Peer 1: 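Below you will find the structure I want to go over with you.
Atoms within each ligand, like the ligands themselves, are counted from 1 in listed order. This one's a predicted model, so the numbers in the text were calculated from it and none came from an experiment.
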Amino acid sequence: MHRRIFAPGALAAASLLLAVPASAAGVTAGAPGIGDPYYPSYGNGGYDVSHYDLRLTYQPKTDELEGTATIEARTTQDLSSFDLDFLLDVSEVRVNGARAGFTTSDQHELVITPKTPLAKGAPVTVVVRYRAVPSTKSAYGFTTWHRTPDGAVAADEPEAAWWWFPSNDHPLDKATYDVSVAVPDGTQVISNGTLQSAASKLGWTRYNWRQNKPQATYLATLAIGRFDITTGTSEGGVPIVNAYSKDLGDNDGAARASVERTGELVDWLSGYFGPYPFSSAGGYVPNTTTGFALETQTRVYYSPRQFASGSNTSVVVHELAHQWYGDAVSLKGWKDIWINEGFARYAQWLWSEHEGEGTTQALADYVYGSHPADDAFWTVKPGDPSPDDQFDAAVYDRGALAIQALRNEIGDDAFFAILKGWPKEHAYGNASVADFRRYAEQVSGKPLSALFDTWLFQPSKPTASAARTASLAPRAKASVQPKSWRKVEATNDVHGG
Ligand code: TRP
Ligand code: ZN
């Protein structure tokens, strides 16, 4: 399950100690991290971004990316200097129109020193001009820039932006986006939101995509390649834009048979989660060799391998569920990942029940029964899993089990009210596991600390009596595997290559 050695957190923690200027009177340098203990160097301090305007050109043959990022932000403290998270080669930085000093590093920090310090609360416009071959850049020994035979894709979690635009790379700082990329005629560009225009001039076609709702940096995506784009509108009125690499080979049919059901599944999920929160929905399937799917906002990333054994609506449900749980409402810190993955997995369970392939209760019983007490599975705390186990199967499966335990404790009326109320309560913002517990207590009128502690925060298997209290079948046999099980679990194939 672990896709890389978790150097970013550890290494960055050490280097931060050296990087933070320790001047006693009036430290006005913006912090090089936003303060997330899982990833101390991710994001930055001292400002809040409202909009990213990316105007780029990409040449698939050589993997050359060049252009300008214009960032609209507001300072949250006096700033003598501040950081953006970025890995590419910068040629010029301007702050409020004036050329600024800057340094870059291979540890994703672009440090900018404006000509004159910035005052707290001031609007600021930052222009970064850059050019690079992203596939030659790595930080901490990894890359999230995925080359394809006909282009490239930027999609990963918890970081992907460093390889294509400078940002405050943490979900706490959400912003709107205009992504404009010129590519040689015959090549397509896929990104988030709605396609505003695509026009050809002198052999190059410029695609203009707009995300008009706040979006976390890791949910911004860019794909360049030869795509077949399909459009439509769901019965419920949500505009749909999907894209398929023209090079999907044997997986093409199954990919379309799955992703073309996006409109139907968005409408179905709206019944549980409330109105779809964005201006469009859809997915894209690039010709990558990765294995994962990712909930990139409005335009889900699907690896072709997700469809290697046939159509898969379960993974589509998972990624679409994230549009409410993870995208519209984002986590406050990466330790809150259960808010994303527990609920996306639970949506797959609801779909399983809808399809007659196993009820949510049967799936919960199976998770509980198929992992003996000494299984390492139970040592992962979904409510605070540690960076190493952030995407461990336990976050998903034990995470969804916890949701079934909650449902059984508070009853269906309160449970489904919470499921629908939560995305509205925190729409376009951020929230934590503790916020969710408080909200569930408020809606259900029940104290829930003990239940959350047992199912999300103990590094051990809840006892048979805890399971009985939560109306799970403590002796559920590992052999009673719900029909949907394999497909539901296959979503977790995040390994590359
Ligand atoms: N959030 C993704 C999902 O559950 C899975 C995921 C975890 C992932 N880590 C990743 C995807 C890294 C891509 C890269 O759908
Ligand atoms: Zn997920």
Side-chain angles (χ1 to χ4, degrees), residues 1-9 38-39 42 139-140 142-146 153-164 169 171 215-223 258-259 262 265 269 273 283-286 288-307 312-331 334-351 380 382 385-400 403 487-497:
M1 180 57 46
H2 306 166
R3 76 180 228 287
R4 70 169 72 112
I5 305 161
F6 250 90
Y38 276 27
Y39 305 97
Y42 286 27
Y140 315 104
F142 69 86
T143 177
T144 71
W145 182 257
H146 310 284
V153 180
D156 226 296
E157 185 180 9
E159 72 296 276
W162 310 346
W163 284 265
W164 67 288
D169 194 21
Q215 171 173 286
T217 44
Y218 83 98
L219 297 172
T221 193
L222 174 68
S258 313
V259 179
T262 294
L265 297 173
L269 283 168
F273 298 155
Y284 72 97
V285 191
T288 45
T289 55
T290 53
F292 61 80
L294 183 65
E295 62 270 25
T296 36
Q297 191 161 306
T298 67
R299 198 114 308 103
V300 169
Y301 173 101
Y302 298 100
S303 292
R305 282 207 341 237
Q306 288 283 339
F307 310 108
N312 184 353
T313 45
S314 190
V315 68
V316 177
V317 165
H318 180 105
E319 305 308 338
L320 292 177
H322 276 309
Q323 303 303 310
W324 287 264
Y325 282 83
D327 294 8
V329 183
S330 298
L331 38 73
W334 283 107
K335 74 169 170 43
D336 298 312
I337 191 67
W338 170 75
I339 298 271
N340 296 15
E341 302 306 346
F343 287 86
R345 173 54 43 91
Y346 197 79
Q348 291 177 276
W349 289 11
L350 289 166
W351 180 243
V380 176
S386 88
D388 271 353
D389 287 329
Q390 201 186 339
F391 298 104
D392 191 273
V395 173
Y396 293 71
D397 293 338
R398 184 177 169 180
I403 293 169
K487 205 133 248 188
V488 167
E489 289 298 297
T491 310
N492 285 56
D493 183 11
V494 301
H495 300 276

Peer 1: Relative to the heavy atoms of Glu341, which atoms of ligand 1 are at a distance of less than 4.0 Å?
Peer 2: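 With Glu341 as reference, the close atoms of ligand 1 come out as 1 (N), 2 (C), 3 (C), 4 (O).
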Peer 1: I'd like to know if the side chain of Thr290 reaches the main chain of Ser303, judged simply by a donor and an acceptor atom lying under 3.5 Å from each other, with no hydrogens or angles considered.
Peer 2: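 Looks like no, no N/O pair under 3.5 Å.
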Peer 1: Find all atoms of ligand 1 within a distance of less than 4.0 Å from any non-hydrogen atom belonging to Glu295, and give their numbers and elements.
Peer 2: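 Checking each atom against Glu295, I get 1 (N), 2 (C), 3 (C), 15 (O).
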Peer 1: I'd like to know if Arg299 pairs up with Glu319 as an ion pair, taking the criterion as any Lys NZ or Arg NE/NH1/NH2 lying under 4.0 Å from an Asp or Glu carboxylate oxygen.
Peer 2: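 Between Glu319 and Arg299 there is no salt bridge, as every charged N stays at least 4.0 Å from the carboxylate O atoms.
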Peer 1: Could you tell me whether ligand 1 has any atom less than 4.0 Å away from a heavy atom of His322?
Peer 2: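 Within the 4.0 Å threshold, so yes.
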Peer 1: Hey, is the main chain of Val380 close enough, under 3.5 Å, to the side chain of Arg398 for a donor-acceptor pair?
Peer 2: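 Confirmed, Arg398 side chain pairs with Val380 backbone.
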Peer 1: Using the Zn ion (ligand 2) as the vertex, how large is the angle between NE2 of His322 and NE2 of His318, rounded to 10 degrees?
Peer 2: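 Between NE2 of His322 and NE2 of His318, at the Zn ion (ligand 2), the angle is about 100°.
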Peer 1: Ignoring angles and geometry beyond distance, decide whether Asp156 reaches within less than 3.5 Å of ligand 1 through its nitrogen or oxygen atoms.
Peer 2: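 In this structure, Asp156 places no N or O atom under 3.5 Å from an N or O of ligand 1.
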Peer 1: Just by modelled atom types, is the His318 backbone N or O under 3.5 Å from a matching donor or acceptor in the Arg345 side chain?
Peer 2: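 Flag not set: sc Arg345 to bb His318 has no pair under 3.5 Å.
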Peer 1: Does Ala293 reach ligand 1 with a nitrogen or oxygen that is under 3.5 Å from one of the ligand's nitrogen or oxygen atoms?
Peer 2: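 N/O-N/O distance under 3.5 Å: yes.
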Peer 1: Answer with yes or no after comparing the ring centroid distance for Trp349 and Tyr396 against a 6.0 Å cut-off, counting only values under it.
Peer 2: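 No.
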Peer 1: Hey, what do you get for OG1 (Thr221) to CD (Gln297), rounding to the nearest 0.5 Å?
Peer 2: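 Going from OG1 on Thr221 over to CD on Gln297, the span is 11.5 Å.
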Peer 1: Check whether any N, O or S atom of Glu341 sits under 2.8 Å from the Zn ion (ligand 2).
Peer 2: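 True for Glu341.
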Peer 1: For ligand 1, indicate whether the residue Tyr396 contacts it via side chain, backbone, both or neither (heavy-atom separation under 4.0 Å).
Peer 2: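 For Tyr396, the contact with ligand 1 is made by the side chain alone.
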Peer 1: When you compare ligand 1 with His318, is there at least one nitrogen or oxygen pair between them that comes in under 3.5 angstrom?
Peer 2: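 His318 vs ligand 1: N/O contact under 3.5 Å present.
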Peer 1: Ring centroid separation for Tyr301 and Tyr284, is it under 6.0 angstrom?
Peer 2: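 Ring centres of Tyr284 and Tyr301 closer than 6.0 Å.
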